[in-house]
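Throughout, a chain's letter reflects where its sequence line sits, starting with A, and its residues are numbered from 1.
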Protein chains: 2
Amino acid sequence: MAENVAGTEDRILDLAELLIRKNGYNGFSFRDIAAGIGVKSASVHYHFPTKAALGARVAKRYTDRFLDTLGDPDKAPEDANAVIDKVRALFRSAMLEDGRVCLCGVLAAESAGLPDEVAAEAKAFFTRLTNWLCAALSRTTWGKDQPAEAVRTQALRAVALFEGGLLIARIQNDTDLFDLL
Amino acid sequence: MAENVAGTEDRILDLAELLIRKNGYNGFSFRDIAAGIGVKSASVHYHFPTKAALGARVAKRYTDRFLDTLGDPDKAPEDANAVIDKVRALFRSAMLEDGRVCLCGVLAAESAGLPDEVAAEAKAFFTRLTNWLCAALSRTTWGKDQPAEAVRTQALRAVALFEGGLLIARIQNDTDLFDLL
DNA sequence: GTCTATAATTTGATAGAC
DNA sequence: GTCTATCAAATTATAGAC
């Protein structure tokens, strides 16, 4: 029964992810985290020595989970639109579940002022997601006949569209806008 | 000859815009601004009483300039692709001129933690840009025969694509990625 | 593993002299 | 319009007791 109770480390990661997605990396503090989970900021430092280390871990966990949900690209649908829709649905659920945008979209927006290790993890998100889309799309009936560059362009367009769509839907406070994309 | 020398207020706005586009609203301070233009932070407060007031003014000026460059939508091209390309070129030049993303894209990413007056100006950017695109597109040979909703969807897709594209191009440190969109 | 206490710095903002 | 001086609060981070 006790396995369901998240440890302090996971609770820190959960709250940090939520706060970054809401306010950005520069928009939360160790004290926000500590207060939110009911400990002191020194305890947060025990688990994550620096803010950069925490940010990097949050981004890595987010990316791992995102790609884990997508699964094996070799088992993705054979219809190209279905592949795109699979990714669209994942971005969409991130938006609806907690009304937040993509963590790595936020980090990308701030990236020029981010600690290197955080920026590197955010960059990896886009590399890995684009690679997954390329792999999945090149198996589809559409992609089989396409040069690699055309597949890559489609993958990039999809990611850019969804990232931008989340930003617009959020600031316009209208989640329906995302579904028009 | 002296007309070319920007006043303190404009120099504050210029630097604030650059810093927000680089690090986000929470990623710059009045002292950063002051040091950058060679005054003290109290002088910055003389021109802009609060950080929120400065942020809002930066966003409004950015939006005004953006739409001013686009010009009258009734004089936009009659080819729909040319209209989209006009907007694409504007986003692209923002990226190339100073290697930065769209100011309001950054603000949108942080919007949940922004002062109301700043968030309102960022929101207005997307409203005004989308409206411009709707007006311009509905005049095109393509748009003339389309229902308003289809035109609006196209407009939103274009803005989302370019905003997302800027974010990806910047974090991947590859401006060429934007041109694939 | 969490706490108290605190250091060192930075932040947004104000008062008042010039 | 810009300055010096300063405030109160918040920030990341550390030392050491429990």
Listed by chain and number, what are the side-chain contact (heavy atoms from CB on, under 4.5 Å) partners of B:D32, not counting sequence neighbours? B:L19, B:F28, B:S29
Does anything in residues 130-144 of chain A form a side chain to side chain donor-acceptor pair (under 3.5 Å)? List the pairs, not counting sequence neighbours. none
Sorted by chain and number, sequence neighbours left out, side-chain contact (heavy atoms from CB on, under 4.5 Å) with A:I84 holds for A:R88, A:L133, A:L137, A:A158, A:F162
Qualifying salt bridge (charged side-chain N to carboxylate O under 4.0 Å, His left out) pairs, either residue in residues 145-162 of chain A, two or more places apart: none
Restricting to ring-ring contact (aromatic ring centres under 6.0 Å, His included), what partner residues turn up for A:F48, sequence neighbours left out? none
Do any side-chain atoms of residues 105-114 of chain A form donor-acceptor pairs under 3.5 angstrom with protein atoms, and if so which ones, sequence neighbours left out?
residue : atom : partner : partner atom : Å
A:E110  : OE1  : A:Y25   : N            : 2.7
A:E110  : OE2  : A:Y25   : N            : 3.4
A:E110  : OE2  : A:N26   : N            : 3.4
A:S111  : OG   : A:A108  : O            : 3.0
A:S111  : OG   : B:R170  : NH1          : 3.4

Residue pairs involving residues 58-82 of chain A (criterion side chain to side chain donor-acceptor pair (under 3.5 Å); sequence neighbours excluded): A:D14-A:R61, A:E17-A:R61, A:E17-A:R65, A:K60-A:D64, A:D64-A:R128
Which residues in residues 41-54 of chain A have a heavy atom closer than 4.0 Å to any atom of DNA chain C? A:A42, A:S43, A:Y46, A:H47
Span of DNA chain D engaged by chain B, first through last nucleotide within the 4.0 Å heavy-atom cut-off, is D:dG1 to D:dT6
For DNA chain C, the residues among residues 12-33 of chain B that have a non-hydrogen atom under 4.0 Å from it: B:F28, B:S29, B:F30, B:R31
Return the set of residues passing side-chain contact (heavy atoms from CB on, under 4.5 Å) with B:A150 (not counting sequence neighbours), or none when no residue passes. B:Q146, B:P147
Name all residues meeting the side-chain contact (heavy atoms from CB on, under 4.5 Å) criterion together with B:R92; count only those two or more places apart in sequence or in a different chain, and write none if there are none. B:M95, B:L96, B:F178, B:D179
Does A:V58 belong to the same Ile/Leu/Val/Met/Phe/Trp/Tyr cluster as A:L18, with side-chain heavy atoms less than 4.5 Å apart forming each link? no
